[in-house]
Amino acid sequence: MLTLQSLRDHRDDVLSALAKRHIDATAMVDGVLSKDAERRSAQTELDHVLSESNTLSRQIGGLMREGKKEEAEAIKNRTAGLKAKSAELKEAMDQAEAQMHALLVQLPNTPADAVASGKTPEDNVETYRNGEPSPAGGDAKPHWDLAKELDLIDFDLGAKVTGGGFPFYKGKGAKLQRGLIRFFLDRADDAGYTEYIPPLMINADSGFGTGQLPDKEGQMYHMPEDDLYMIPTAEVPLTNIFRDVVLSADQLPQKICGFTPCFRREAGSYGKDVRGLNRLHQFDKVEIVQVTHPDESYGTLDTMVEHVKGLLEGLELPYRILRLCGGDMGFTAAMTYDFEVWSAAQERWLEVSSVSNFETFQANRLKCRFKDADGKNKWVHTLNGSALALPRILAALMENHQDHQGIRIPAALVPFVGFDRIDA
RNA sequence: GGAGGUUUGGCAGAGUUGGUCGAUUGCACCGGUCUUGAAAACCGGCGUGCCGCAAGGUACCGGGGGUUCGAAUCCCUCAGCCUCCGCCA
């Protein structure tokens with residue numbers, strides 16, 4: 001959530017930044033500001049009334065102790081009006097505050113300066129490319145065919161046992177999955193990230209902290225009995241570690257990572273984009289998260305991008321990096337780099353990672369601050385990235401490293417999976 | 001799931017016959033005196049949000065609600081933690 005302070009101090013800058021998302025937030029921002037002004041004036045008045053009634057209460061206390069009951073009673077009568085008045089003002093203040101908050105949570109993050117204006121994925125800016133997308137090879141097979149022929153993944157069985165989008169991985173398919181997880185975790189460990197195994201369900205407060213709630217509850221599986229949500233990404237439990245926390249400056253940066261399954265309802269998805277491993281309700285992912293000093297976050301974003309590059313190069317996959325334009329960026333991000341791997345068999349780019357800086361947007365929701373050199377508590381910056389999500393990587397490995405006999409395992413991965421080929 | 005206990009500022013830990021308690025004290029931390037330097041000792045400071053140019057005011061003693069002129073202290077409710085019992089991987 002944007003900080004109230006930023007709206008108060010830099011209203012016009014906020015509006016022009018949000019314009020890069022192609023939304024006109026003028027009405028909402030001005031609504032926030034007017035509700036805020038309303039709240040403040042109610043509070044000022046309320047504080048005066050409370051001050052007066054506190055004074056009277058103290059007088060009554062004094063008189064009671066001295067046994068001057070009648071004088072005390074006389075003062076008591078004067079408090080009734082103050083009480084009614086303060087209740088009224090409190091109500092007005094709370095209401096203005098609630099209305100202000102309701103508007104504020106609807107505003108997406110302001111894109112960073114370097115983020116391009118733009119509406120669609122076509123407006124994203126390619127910042128790096130490694131390897132060239134090969135032309136469609138005539139006999140390159142999509143991973144869903146390979147998965148069946150080599151008996152690595154059983155989609156139908158998943159559909160029977162659970163439903164569409166919940167595949168079974170089996171045999172070498174399962175081992176490949178397990179090896180990839182270890183490969184990603186070991187690389188994160190080497191890069192200094194502390195590994196966590198977090199809970200797979202989160203409460204509503206955590207959902208709010210990272211921005212899934214309100215409004216996006218439809219994307220998460222919800223257990224109404226206990227009012228818990230299945231995590232859509234490890235970002236949620238990992239980042240919420242820092243909810244309601246004040247860090248000391250020397251505790252920054254915090255670098256943590258974790259492997260979890262992720263659960264997404266993906267309501268509204270359809271068509272070829274959801275074929276095979278392209279879009280699942282349950283998938284595995286290793287997530288990296290950093291909490292940094294505000295001055296450091298963009299440097300950190302770059303190091304996280306470099307980390308993911310290293311993973312893809314280890315897997316020998318052709319990829320490109322896009323800096324998302326305002327219109328294509330998620331609600332909570334100030335800047336996002338997407339990694340896409342080329343699949344000749346599907347003749348398209350597959351998004352395999354997303355690395356973002358949220359600046360203070362999540363910190364403000366999480367109430368995560370650090371104590372600065374001047375002794376003041378200030379918002380931290382939070383960042384995260386997939387490093388990496390499994391299914392599309394698996395798809396890309398199968399599709400890019402297929403030959404006529406089967407699938408070749410890249411050298412860097414062999415120690416983790418225990419074999420160097422998958423053949424029929 | 002049942003019974004009981006408990007929840008106070010970074011930590012420890014007072015305060016529950018309601019009344020100058022936002023809160024004693026110790027530790028930690030910051031500044032100063034002393035010292036060649038450090039330690040010790042001594043002096044001072046030391047929670048957070050909001051309103052206010054400031055002085056200052058106001059709110060917060062797990063969350064929410066209530067009683068009262070007045071609540072950390074009483075009542076209701078929810079949650080966390082601990083102990084015992086039950087059930088169970």
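Any value given below was found using the heavy atoms of this structure, including those in side chains, with hydrogens, waters and symmetry copies removed. Letters A, B, ... mirror the listed sequences (proteins, then strands); counts begin at 1.
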When you compare B:rU83 with B:rA89, how far apart are their C1' atoms, in angstrom units rounded to a whole number? 23 Å
Contact class for A:Asn77 (heavy atom, under 4.0 Å): base, sugar-phosphate, or nothing? nothing
Inter-nucleotide C1' distance (B:rA59, B:rG9), Å rounded: 15 Å
Taking RNA chain B as the partner, which of residues 194-207 of chain A come within under 4.0 angstrom of it by heavy atom? none
Between side-chain atoms of residues 303-313 of chain A and protein atoms elsewhere (two or more places apart, or another chain), which donor-acceptor pairs fall under 3.5 Å?
from     : atom 1 : to       : atom 2 : distance (Å)
A:Thr303 : OG1    : A:Thr300 : O      : 2.8
A:Glu306 : OE2    : A:Lys309 : NZ     : 3.0
A:Glu313 : OE2    : A:Asn130 : ND2    : 3.3
A:Glu313 : OE2    : A:Tyr319 : OH     : 2.4

Under a 3.5 Å limit for both distances, which nucleotide forms a Watson-Crick or G-U wobble pair with B:rG47, could you say? B:rC60
At 4.0 Å (heavy atoms only), tell me whether A:Arg39 reaches a base, stays on the sugar-phosphate, or touches nothing. sugar-phosphate
Looking at B:rA89, which nucleotide sits across from it as a Watson-Crick or G-U wobble partner, both distances under 3.5 angstrom, or is there none? none
Please report the distance separating the P of B:rU36 from the corresponding atom of B:rU48, rounded so that it comes out in whole Å. 37 Å
Please work out if A:Leu56 contacts a base, only the sugar-phosphate, or nothing of the nucleic acid, heavy-atom cut-off 4.0 Å. nothing
Mate of B:rA3 across any strand shown (Watson-Crick or G-U wobble, both atom pairs under 3.5 Å) is B:rU83
Using atom P in both nucleotides, what's the gap between B:rG62 and B:rA72 to the nearest angstrom? 10 Å
Are A:Asn203 and A:Ser206 close enough that a side-chain donor and a side-chain acceptor fall under 3.5 Å? yes
Looking at every strand, decide which applies to A:Lys376 at a 4.0 Å heavy-atom threshold: base, sugar-phosphate, or nothing. nothing
Taking atom C1' in both B:rC46 and B:rA23, compute the distance separating them and give it to the nearest angstrom. 15 Å
Sticking with atom C1', work out how far B:rU16 lies from B:rG5, rounded to a whole angstrom. 16 Å
Taking any atom closer than 4.0 angstrom to a non-hydrogen atom of chain A, what span of RNA chain B does the protein reach, first nucleotide to last? B:rG19 to B:rG70
Sidechain-backbone polar pair: A:Arg265 side chain, A:Gly218 backbone, donor-acceptor under 3.5 Å: yes
Give a yes-or-no answer on whether the side chains of A:Glu235 and A:Thr210 include a donor-acceptor pair shorter than 3.5 Å. no
Pairing partner of B:rC27, by Watson-Crick or G-U wobble and under 3.5 Å for both distances, is B:rG10
P atom, B:rG70 versus B:rU77: distance in rounded Å? 23 Å
Check the angle between the aromatic planes of A:His222 and A:Tyr229 and answer parallel, tilted or perpendicular using the 30° and 60° thresholds. parallel
Pairwise P distance for B:rC75 and B:rU17, with rounding to whole Å: 12 Å
Which part of the nucleic acid, if any, lies within reach of A:Ser57 when heavy atoms closer than 4.0 Å are counted: base, sugar-phosphate only, or nothing? base
Salt-bridge present (A:Arg408, A:Glu316; N to O < 4.0 Å): yes
Distance only, no hydrogens: is a donor on one side chain within 3.5 Å (strictly under) of an acceptor on the other, for A:Tyr298 and A:His381? no
On RNA chain B, compare the nucleotides closest to A:Leu50 and A:Met64; which residue's is nearer the 5' end? A:Met64
Looking only at side chains, do A:Asn240 and A:Arg243 share a donor and an acceptor under 3.5 Å apart? yes
Decide whether A:Asn278 and A:Gln346 meet the rule of one side-chain donor and one side-chain acceptor closer than 3.5 Å. yes
Lys/Arg N to Asp/Glu carboxylate O, A:Asp36 vs A:Arg39, below 4.0 Å: yes
How do A:Ser53 and A:Gln5 order along RNA chain B: which one's closest nucleotide is nearer the 5' end? A:Gln5
